[in-house]
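One structure is given below, encoded as structure tokens.
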Amino acid sequence: MWIVPESAIGGLVDDQSAFDAVEATFAAMAREDAYNFPVVREALGEGRQYGFKSGLDRAGAQLGVKAGGYFPGNSAKGIINHQSTVFLFDPDTGILQAAVGGNLLTALRTAAASSVSIAHLSRPDSKVLGMVGAGHQSVFQMRAALRQRKFEKVVAWNYHPDMMDRLSAAVAEAGLPFEEVSLEHLGAQADVIITITSSPAASLMDAHIRPGTHIACMGTDTIGKQEVEPALLARATVFTDEVAQSISIGEAQHAVAEGLVTADAITPIGAVINGTHKGRSSAEEVTLFDGTGVGLQDIAVASKAVDLARANGSAIEVAL
Ligand code: NAD
């Protein structure tokens with residue numbers, strides 16, 4: 001089997017290869033060539049969470065699981081709070097093929113998901129990117145989004161204003177103007193909005209959003225989190241990575257619980273990639289992507305990392 005250490009990932013998988021892997025995965029899911037197994041998520045006490053996201057891609061001959069969780073005590077020990085590892089198996093024999101560091105890959109595959117939605121659903125003339133959230137993931141989200149449209153400016157709002165420095169520095173590094181704004185001003189200017197927070201209640205309201213906006217809701221990946229008002233999902237055309245996750249652990253859980261949206265009104269983004277759904281139908285339509293994060297995304301980018309690491313000699317071979 002092969003080991004690809006966390007420290008090697010940054011030199012292997014870039015935004016474009018993550019985009020390609022995730023786009024192909026969403027397409028395979030919509031063709032029913034690939035499916036995710038039910039998510040396991042357990043509270044371990046003292047704020048610790050642990051879970052498993054797994055799946056099988058028959059077309060890509062990939063079987064695997066991401067084991068990972070959130071350990072709030074880690075930062076005091078100088079370790080990242082989110083920790084994960086991806087394990088890949090031979091789908092014909094079940095033999096373990098690789099163990100791959102999953103921390104950076106999680107950020108890359110999550111940013112790839114929103115950027116796939118921007119590529120397929122936002123207006124091609126989008127000029128202003130709005131960011132709601134300024135935590136660890138926000139920088140990856142912003143950078144991946146900038147590759148999809150000719151954005152001229154980034155505006156941002158964060159619940160904790162003191163956290164804005166990291167995102168504003170990354171925007172400056174990308175060579176674009178940056179403005180910290182209220183949610184009203186963000187919605188009034190942005191053509192594309194990414195929400196990436198751990199919020200337990202809606203920040204972005206339906207009234208903030210102007211016609212033609214594309215919103216990628218990326219922070220809500222578990223029961224009880226919420227970033228946007230359910231009325232916004234009722235107004236928007238809603239797309240997702242996987243409908244089952246969207247209505248149970250994704251942003252749509254709240255709109256579905258309130259009876260504002262039904263599962264059959266939510267379209268897998270893979271259908272747009274495959275051309276079986278037309279995607280955006282007008283320049284006025286509000287589109288919303290509910291990115292819940294599926295195991296197949298992790299498997300796809302980890303497989304890419306293994307291929308690249310074996311090709312450049314950075315994969316470590318061990319006998320199990
Ligand atoms: P982080 O801890 O670095 O940042 C948290 C962000 O949430 C900050 O912007 C913070 O200000 C904001 N926030 C915290 N409490 C809030 C509140 N009450 N109201 C509004 N905003 C609040 O986290 P991160 O690593 O950037 O991750 C952000 C979110 O994305 C987390 O919820 C994480 O679980 C989720 N996530 C989703 C996926 C996916 O595939 N969908 C993948 C990775 C992470």
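Counting starts at 1 for both ligands and their atoms, following the listed order. Heavy-atom basis, side chains included; hydrogens, waters and symmetry copies ignored.
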Give the residue, atom name and distance (to 0.1 Å) of the protein heavy atom nearest [atom].
atom                    : result
atom 26 (O) of ligand 1 : Gln137 N, 2.9 Å
atom 36 (N) of ligand 1 : Asp221 OD2, 3.5 Å
atom 12 (C) of ligand 1 : Thr197 CB, 3.8 Å
atom 9 (O) of ligand 1  : Asn158 OD1, 2.7 Å
atom 16 (C) of ligand 1 : Tyr159 CD2, 3.6 Å
atom 32 (O) of ligand 1 : Lys225 NZ, 2.7 Å
atom 23 (O) of ligand 1 : His136 N, 4.4 Å
atom 42 (C) of ligand 1 : Thr110 OG1, 3.2 Å

For [X], is at least one N or O under 3.5 Å away from an N or O on ligand 1?
X      : result
His160 : yes
Gly291 : yes
Gly219 : yes
Ser198 : yes

Any heavy atom of Glu227 sitting closer than 4.0 Å to ligand 1?
-> no
Go through the steps to decide whether Asp125 and Lys150 satisfy the test salt bridge (charged side-chain N to carboxylate O under 4.0 Å, His left out), and finish with yes or no.
-> CA-CA 8 Å; Asp125 64 351; Lys150 291 194 174 104; over 6 Å; no
Summary of salt bridge (charged side-chain N to carboxylate O under 4.0 Å, His left out) pairs that have at least one residue in residues 52-80, sequence neighbours excluded | Lys66-Asp298
Below 4.0 angstrom from a heavy atom of [X], which ligand 1 atoms are there? Numbered from 1 as shown, please.
X      : result
Arg109 : 39 (C), 40 (O), 42 (C)
Gly133 : 9 (O)
Gly135 : 3 (O), 4 (O), 8 (C), 9 (O), 26 (O)
Ile196 : 28 (C), 30 (O)
Pro200 : 17 (C), 18 (N)

Could you tell me which non-hydrogen atom of Ala21 sits nearest to which non-hydrogen atom of Lys304, and how far apart they are?
-> CB-CE, 4.4 Å
Centroid-centroid distance, His277 to Phe239, less than 6.0 Å | yes
Any side-chain heavy-atom pair of Met218 and Gln137 under 4.5 Å = no
Side-chain donor-acceptor pair under 3.5 Å between [X] and [Y], yes or no?
X      : Y      : answer
Ser122 : Arg149 : yes
Asp14  : Ser17  : yes
His208 : Glu229 : no

Does anything in residues 311-320 pair up under side-chain hydrogen bond (donor to acceptor under 3.5 Å, both in side chains), and if so which pairs, sequence neighbours excluded?
-> Asn312-Ser314
